[in-house]
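Numbers restart at 1 for each chain; the letters A, B, ... are given by sequence-line order, proteins then strands.
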2 protein chains.
Amino acid sequence: MQSVTIRDVAARAGVSVATASRVLSGHPATSADSRHRVDEAARELGFRLNAQARSLRKTRTNTIGVLVSDVRNPFFAEIAHTVEQSALAASMATLLCNANESTDQQDLCLDLLVSQRVDGMIVAPQGDGSGSLRDVLTLGMPVVFVDRTIDGVDVPSVTSDNRAGIADAARHLAELGHRRIGYVAGPQETSTGRERLLAYRDAVAEHGFDTDPHLVHQGDFQVASGVEGAELLLGLDEPPTAILAADSLMTFGVLQVCQDRGVRIGSELSLVGYDDIGTFRLVSPALTVIAHDPARMGALAVEMIRDVLAGETVTSAVLPTTLVVRGSTGAPDPRRIA
Amino acid sequence: MQSVTIRDVAARAGVSVATASRVLSGHPATSADSRHRVDEAARELGFRLNAQARSLRKTRTNTIGVLVSDVRNPFFAEIAHTVEQSALAASMATLLCNANESTDQQDLCLDLLVSQRVDGMIVAPQGDGSGSLRDVLTLGMPVVFVDRTIDGVDVPSVTSDNRAGIADAARHLAELGHRRIGYVAGPQETSTGRERLLAYRDAVAEHGFDTDPHLVHQGDFQVASGVEGAELLLGLDEPPTAILAADSLMTFGVLQVCQDRGVRIGSELSLVGYDDIGTFRLVSPALTVIAHDPARMGALAVEMIRDVLAGETVTSAVLPTTLVVRGSTGAPDPRRIA
DNA sequence: AACCTCCGTGTAATCGGTTCCATGGAATCG
DNA sequence: CGATTCCATGGAACCGATTACACGGAGGTT
């Protein structure tokens, strides 16, 4: 890993380092002659610009940090992918971190990103605005929230319309005749978890659904809590006729339990999932889901962070959700309606 | 983004920058007194070490590059996740890149990673060893291959036993009585694509399966090519009684087509997928798959790259695959056996 | 011919850390 | 008690780029 520096290039080209630097970074004030000679020399020596040195001098690293909770979640994988691609198109690198739904690890990651002096961050945040997140913001670090926000923290964000999503799903279930609807909630440390739960509660009130507190299971956006929730809900003396799960991983968990117990989805039990993961089309019956658009979210987030970096003011965006009705929802099981 | 530098800290603590640096980077030759004062000053000023500056001086960036083909592929998402977590545990950052199964983009990413002076790279490579990959290696950059390798390129790798995986699956199908087996192959630009196809051919010879060349569809590890392959295979005058797909995304494609056409998997058609994605358990019937262990792969890759960086010699690892038999494979449809 | 622009170029300072080397005081030893 | 060792410390060079500033030559104007 010996390094060819710009000095070597300059020497070989017979020019000063200043000229070499100007040529290599596309500065206009260079003659055709030196441009040619420097390019040639750089090629011959296999010169690779040292981004560390450049970053130190300029105060831009051309790198953005991406903090999501877990790339193994297809929703965040999609976001991470589009963010990386959009950034690459602007020849920026992306530093990826997973917080694993843990505030401690989120802090760890944020500290890492600050120390790496990323130009900006795209964050799916968690917790209240305390800890490293507060530090990051008071530092003046450009941040854009994606998918989630934090109450009282004024940061541009691109989210989706969680309340509308749940409301649509609830209306759909109401129209089918359901009155007793189980809900596997997301962690209340996240804005999405909170908003969706609130929307569920509103729907319960609006449609006059059963208000039995046992119908809500507090999960954590992980598969295991979906399993747990499903077992509890299905184990109730009077089980729900439909279940709504607040994210894709918990939906998987619910599906798994239904599979294992031989619960026939669509007839015995209606199920609505959150996030339109490709595989939700493939299970049978295909899943009715509240879909949103992580790719668009990611792309928009990059656009926003670039705008912030360019000094422009940006406004938050709330993307619509769509209810995709498939076979997993149907009229409630007549035996259960009583 | 004004910056508190180590000079500010030193001034406030009433020591020299040398001492401040020693304290902040844990150098032993420091007195308890200055340790206390420097730590205090750093805390009060909110000092954040500038990793760029440090990297410039040391010749380590404490960053590793991760180049996979697509994080939206659950297999690579798992690898990316474990790599990131293992790296974080060693307080290293990870620069993530997606090559999208394109050699051009792979080159772009490699150039980016070199310019960022990552300490080492974990790469799921593609193509022959030409282009930027050759440059990277001649540069002396520590590289570990993961999942895939490149013929004639001597780089430590952690892969899985592709041939055994396919062989097991083929034997399983043979035992069930299948003789005509469709194969949706991976891109021949990847070692996994090649090895698995070779193993399929070997199995055809060994078990005396039909050798009709139409039974092999050349795919590219993407969902769309699985769809294409399934349509072609199922559209044959004499369709196969079983299909083997060389990765999870193509398996999704095949599943999708079967779903759409109402093909009953497990009876009308047996299906074996590659990679044990969580959702393959959930489709019904659950999918028989060739499973391997991306988490272990990722963790091992990090271990290996750290060993390489520590100057130790490392040896490549080949992890075993397991055939997980579920409901998607059964005896061939009697009507088709003729 | 004298003057002014304009433009390409080189010198050197700079970014924010790390580390070699010299120094001086305290502790240890003969 | 003088010599030696040890150790914390500070000064300054250094990593590899960028860029402010000064300079000199070519070309244009009056």
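- Summarising the geometry, the separation between CG on A/N50 and C1' on C/dG16 is reported as 14 Å, rounded to the nearest angstrom.
- B/L49 has its CG atom 17 Å from the P atom of C/dC15, to the nearest Å.
- Taking 4.0 angstrom as the limit, A/S31 places a side-chain polar atom (N or O) nearer than this to OP1 or OP2 of C/dT9.
- Annotation: A/R148, atom CZ; neighbour count of heavy atoms from other residues, nucleotides and ligands within 6.0 Å is above 12.
- When the C1' atom of D/dA17 is taken as reference, atom CD of B/Q52 falls 12 Å away, rounded to whole Å.
- For a distance-only test at 3.5 Å, the side chain of B/R7 qualifies as a donor-acceptor partner of the base of C/dG17.
- With A/S3 contributing its side chain and A/T5 its backbone, the two residues share no donor-acceptor pair below 3.5 Å.
- For the pair B/R117 CZ and D/dG16 P, the interatomic distance rounds to 9 Å; values are reported in whole Å.
- In this structure, A/S21 does not reach the D/dA17 phosphate: none of its side-chain N or O atoms is under 4.0 Å from OP1 or OP2.
- Using a 4.0 Å heavy-atom criterion, one finds that B/L24 contacts no nucleic acid atom at all.
- Taking for each of A/L56 and A/V15 the nucleotide of DNA chain C with the nearest heavy atom, the 5'-most of the two is the partner of A/V15.
- Side-chain atoms of A/N50 come within 3.5 Å of backbone atoms of A/Q52 as a donor-acceptor pair (strictly under, hydrogens ignored).
- Listed pair B/T19 / D/dA8 fails the phosphate criterion, with no side-chain N or O lying under 4.0 Å from OP1 or OP2.
- As a whole-Å value, the separation of B/F47 CZ from C/dG17 C1' is 8 Å.
- Straight-line distance from the CD1 atom of A/I6 to the P atom of C/dT14: 19 Å, rounded to whole Å.
- A/D119 places a side-chain N or O within 3.5 Å of a backbone atom of A/T61 that can act as its donor or acceptor partner.
- Taking only distance into account, the side chain of A/R54 never meets the base of D/dT18 through a donor-acceptor pair shorter than 3.5 Å.
- Checked by distance alone, A/R22 brings a side-chain donor or acceptor within 3.5 Å of a matching partner on the base of C/dG10.
- In this structure, A/S16 does not reach the C/dT9 phosphate: none of its side-chain N or O atoms is under 4.0 Å from OP1 or OP2.
- Residue-to-nucleotide proximity on DNA chain C shows that, of B/K58 and B/A53, the 5′-proximal contact is made by B/A53.
- We find that CZ of A/R60 is positioned 19 Å from C1' of C/dG16, with the value rounded to whole Å.
- Under a 3.5 Å cut-off, the side chain of A/R37 and the backbone N or O of A/A13 do form a donor-acceptor pair.
- Where A/T5 and B/A18 each meet DNA chain D at their nearest nucleotide, the meeting point lying more 5' is that of B/A18.
- Between A/S34 and C/dT9 there is a side-chain polar atom (N or O) within less than 4.0 angstrom of OP1 or OP2.
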